[in-house]
There are 2 protein chains.
Amino acid sequence: MQGGSWNWYVLSVVTPSTGEAAPSLVAAQAGLHARVLDELGTAICSGQLAPGSVLYIDDLADQCAVSRSVVREVLRVLASMGLVDTRRRVGTQIRPASDWNVFDPQVIRWRLASADRIVQLRSLTELRTAVEPQAAALAAERATPDEASDLVGLAAKMWAAGKAGNEAEFLRLDIEFHRQVLLSSGNEMFVKLQELVAEVLTGRHHYALMPHYPDEHALQHHADVAQAIQRHDGERARDAMVHIMEQAMNEMRSIWERTGVPGRD
Amino acid sequence: MQGGSWNWYVLSVVTPSTGEAAPSLVAAQAGLHARVLDELGTAICSGQLAPGSVLYIDDLADQCAVSRSVVREVLRVLASMGLVDTRRRVGTQIRPASDWNVFDPQVIRWRLASADRIVQLRSLTELRTAVEPQAAALAAERATPDEASDLVGLAAKMWAAGKAGNEAEFLRLDIEFHRQVLLSSGNEMFVKLQELVAEVLTGRHHYALMPHYPDEHALQHHADVAQAIQRHDGERARDAMVHIMEQAMNEMRSIWERTGVPGRD
DNA sequence: CTCCTTGCATACGTCAGATTTATTGCTATA
DNA sequence: TATAGCAATAAATCTGACGTATGCAAGGAG
């Protein structure tokens, strides 16, 4: 009805049958709002809906087989994420990627599920590389004795899991260790960042991008960080964490150099 | 109607007349959605609506004098920011601050307008301290010749503005300089972070929290960063930026040590 | 007395229709 | 050519209705 509309077929439930690409992480009975939100968010972050494209509420309602209320609520959420911009008399326009709230967990999930996966991975890893050493230094100043003890304990368990070759357990402990460091830093934003990183780590596992194999040096560095924090030695904690980050960065680099073009699995 | 309801008066348009605290940054003719969103977001981030409190759509519609549609759309946005959680048969519950998307620009604005102002300022400054040196190092690898030249030019203009005592111009150039460094780092998340920092810097100005007075050393460090980036010397760029951040951190520290209790202006 | 099942009241979820309003692009006029 | 007025359009808002999951409590079985 609204003018020439726009070729919608890209949004149908095709999920190009490339296999594991999009098993639609949103359960079927999750409610219409969540379903439509996920559909549109995925379509936008994957680039299927190019920036500048215009959507119309009534069309979307028809094509998604939901009422306008649902569509409107979805668009309001997408607008708050910077993904779209809706204006009177114009419609709802897709905004360029540079406007997106790339710190929104939801946006990160959508991008991890898209061809941008590698870019997202790289950005977050670089951010992590910058933040975690600083967090370790702050934790050395602010961690309570209990927190410090927990960290030492976690490092010990990581060592055990690494020796035993228990990969799943090691991954869990690894995430927990870094979460604890960021928690002890006393900076709420660092903590939230950890949630994003955890998203990536589990996502990395889900997309089978990188098996995590612990080595001797990494284990030692984790123990060093914990010990330095317990002894309030900020500099040593920072340096040890820098080493951990360097290794993580090297592992990541091997990923995005190996997978030449995006879109590959 | 819905049970004992909840004492709503805290949300009225009181804006306690303490003066400049809340001139309601949202224009009156900004639309009902924006108005209600701002009201509720402010009330939640300020703590007037304590975590665990329960709101009801119909009550909100009455008290804000808008239709349920508007309230529902607002709540959906607040839910996507992690500020509330709405469940059937229960109502809409305020979530604890640890669940908030503290990277959402809107949330940051609300928190800057609240008593949490100092906490927000500190968190972002610490984050900035962690990120910008890394960004400078990356920029030294990735900046195009044009970008590097621009940076050198900006540093020169900052020097001129600093000498001339042109404070407003200096602030503008300062923000632009750091934005350019983060842009040249080639990391989209770093760039977004800069937008948050700019939010803080202008907010800081708006709340008269800190006059920015440039000194000789700071000017030299900015010039060093620019030059190091142009010469692809990542280590020197990182070190110079660390010095800038140390100074920024010291200035901030003087703020949140001076203003003992929050709530002071 | 405890535990589990069952039924009910409740507040959100979804829908459809109507009306208002802001904005854009066109057109006619100075 | 520039500007002011006009008409078309799609979002913004309101309203009333019905569906539906769910927390809670009453009641029965062990």
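None of these values were measured; they are calculated from a predicted model. Proteins get letters first, then strands, A, B, ... in listed order; numbering begins at 1 in each.
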| request: Applying salt bridge (charged side-chain N to carboxylate O under 4.0 Å, His left out), run through A:E126 and B:R142 and close with a yes or a no. | output: CA-CA 14 Å; A:E126 284 175 1; B:R142 301 175 180 169; 2.6 Å; yes
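- The side chain of A:R89 sits closest to C:dT23 out of C:dT23, D:dT13, C:dG13.
- The CD1 atom of A:I57 sits 15 Å away from the P atom of C:dA16 (whole-angstrom rounding).
- Under 4.0 angstrom from either OP1 or OP2 of D:dA12 there lies no side-chain N or O belonging to A:R87.
- Separating the CG atom of B:D85 from the C1' atom of C:dC12 is a distance of 12 Å, rounded to the nearest angstrom.
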| task | Would you sort out whether A:V90 and A:Y56 count as a side-chain contact (heavy atoms from CB on, under 4.5 Å), showing the intermediate values? | result | CA-CA 9 Å; A:V90 173; A:Y56 303 98; over 6 Å; no
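- Spacing between atom CG of B:D59 and atom C1' of C:dC12 amounts to 13 Å, rounded to whole angstrom units.
- Taking atom CG of B:L75 as the reference point, atom P of C:dT14 lies 14 Å away to the nearest angstrom.
- Separating the CD atom of A:E73 from the P atom of C:dC12 is a distance of 12 Å, rounded to the nearest angstrom.
- Across all strands, B:S69 comes closer than 4.0 Å to base atoms (heavy-atom distances).
- Between B:S67 and D:dC14 there is a side-chain N or O to OP1 or OP2 distance below 4.0 Å.
- In this structure, CZ of B:R35 is placed 16 Å from P of D:dA12, rounded to the nearest angstrom.
- One interatomic measurement links the two molecules: CZ of A:R88 to C1' of C:dT20, which rounds to 8 Å at whole-angstrom precision.
- Using a 4.0 Å heavy-atom distance criterion, A:R72 is classed as a base contact.
- Between A:V90 and A:R68, the residue whose closest nucleotide on DNA chain C is further toward the 5' end is A:R68.
- Listed candidates were C:dA11, C:dT14, D:dA12. Nearest to the side chain of A:L32 is C:dT14.
- In this structure a side-chain-to-backbone donor-acceptor pair under 3.5 Å is present from B:T42 to B:D38.
- Taking atom CD on B:Q93 and atom C1' on D:dT22, their separation rounds to 14 Å, with Å as the unit.
- Side chain of A:V70, nearest nucleotide from C:dC15, D:dA12, D:dT22: C:dC15.
- For the pair A:T86 and D:dA12, the criterion of a side-chain N or O lying under 4.0 Å from OP1 or OP2 is met.
- A:K192 places a side-chain N or O within donor-acceptor distance of the main-chain N or O of B:S98, the cut-off being under 3.5 Å.
- We find that A:E73 and A:R76 are not joined by a salt bridge, their nearest charged nitrogen and carboxylate oxygen being 4.0 Å or further apart.
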